[in-house]
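Here is the structure we will look at.
On a predicted model such as this, the values are computed, not experimentally measured, just so you know.
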Amino acid sequence: MKDFFTYGEIVPGYDVPVLNEREARAAAGILFIGAFIGLTNGVMLGSAIFSEYFVTFFAIDFTMRIIQPRYAPSLLLGRFFVRHQIPEYVGAAQKRFAWALGFMLAWPMFYYLVIDFQPNPIKVLVCLICMTLLFLESAFSICLGCKIFNFIKKEKATHCPGGVCEIQTKDPVQKFTFPQKAIVLLTVLTLSYGVYAYMTKLETKTHFGKMVKTKFTKMMTSQEELDRIQAAKEEKEFEDF
């Protein structure tokens, strides 16, 4: 019983309870896939069935994370996939704070998607925030909740993911040359155009998708171009008539 209420693991050489960041990142990746499938099904297919099951799992999982992470389902799945890798230990306190933020997002989502189904853009925005946090942790080991914890606590956290809590200088391999900066900028511009093309040119089959596409198109297109599109649409409708 004492072990159950001990939050984090006691590891020799660490002055605070710690958790394995590798399994946390793996779990974040698993949850991100579920959230992405749920969002795309809702927006593109108009189906919320997968999201209802996923949000239920998500809420239960984050409840277990803040109570006792060694029994959280997604963390156990993550542990399975990284069980042959050397653990990367991080402080348990800041991870618990970060997961508490996820907990506060999960249960309202559970209520409005499962108990009292009320889909609207605000719910989609909350889902996108959750997906962003999961993606940052799984792909880049960036824990925004840990950064917030370190900002508001008087005693600074230690053993953060990637060692960002400790003061350090960048090695040459971490810095960018001018050609590398140009490549990064070109990549960002290309990806941004890809998102724009996806949102404006791909046919959508749900009311929400059409609403988002219309607003996004108006925001990114000049008035002259909008008038031309509207004229072409009216001409096509007249020909069909």
Nearest 0.5 angstrom please: [X] [atom1] to [Y] [atom2], how far?
X	Y	atom1	atom2	answer
I183	F178	CD1	CZ	10.5 Å
L75	M64	CG	CE	10.0 Å
E21	S141	CD	OG	4.0 Å
L113	T56	CG	OG1	9.0 Å

With sequence neighbours left out, what residues match [X] under side chain to side chain contact (heavy atoms under 4.5 Å, CB included)?
X	result
P108	none
I37	I33, N41, F50
L144	L133, L136, I142, K147

Would you name the heavy atoms of [X] and [Y] that are closest together and state the gap between them?
X	Y	value
G78	I30	N-CD1, 4.1 Å
P87	N20	CA-OD1, 3.6 Å
A139	R25	O-NH2, 3.4 Å
M109	V55	C-CG1, 3.8 Å
S74	A27	O-CB, 3.3 Å

Please list all pairs meeting salt bridge (Lys or Arg N to Asp or Glu O under 4.0 Å) that have one or both residues in residues 52-62, counting only residues at least two apart or in different chains.
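Matches after skipping sequence neighbours: D61-R65.
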Under 4.5 Å between side-chain heavy atoms, counting indirect links through other Ile/Leu/Val/Met/Phe/Trp/Tyr residues: same cluster for [X] and [Y] or not?
X	Y	answer
Y53	M131	no
L125	L134	yes
I86	F81	no
L39	I49	no
F54	V126	yes

Please list all pairs meeting ring pair (Phe, Tyr, Trp, His ring centres under 6.0 Å) that have one or both residues in residues 27-47, counting only residues at least two apart or in different chains.
F32-F135
Residues two or more places apart in sequence or in another chain: which of them pass salt bridge (charged side-chain N to carboxylate O under 4.0 Å, His left out) with E9?
R70
Name all pairs fulfilling the side-chain hydrogen bond (donor to acceptor under 3.5 Å, both in side chains) condition that reach into [range], sequence neighbours left out, sorted by first residue then second.
range	answer
residues 129-140	K95-E137
residues 175-187	T177-Q180
residues 100-111	T63-W107

Not counting sequence neighbours, which residues clear side chain to side chain donor-acceptor pair (under 3.5 Å) with R79? List them please.
E23
Name all residues meeting the side chain to side chain donor-acceptor pair (under 3.5 Å) criterion together with S51; count only those two or more places apart in sequence or in a different chain, and write none if there are none.
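Side chain to side chain donor-acceptor pair (under 3.5 Å) check on S51 returns nothing, list empty.
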Is there a side-chain contact between Y7 and P69 (heavy atoms, below 4.5 Å)?
yes
F80 and L77, any side-chain heavy atoms less than 4.5 Å apart
no
Can we call the ring centroids of F58 and F62 under 6.0 Å apart?
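That pair passes the under 6.0 Å test.
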Going by atom type alone, with no hydrogens or angles, which donor-acceptor pairs under 3.5 Å involve a side-chain atom of residues 96-105 and a protein atom two or more places apart or on another chain?
| residue | atom | partner | partner atom | Å |
| --- | --- | --- | --- | --- |
| R96 | NE | I66 | O | 2.9 |
| R96 | NH2 | I66 | O | 2.8 |

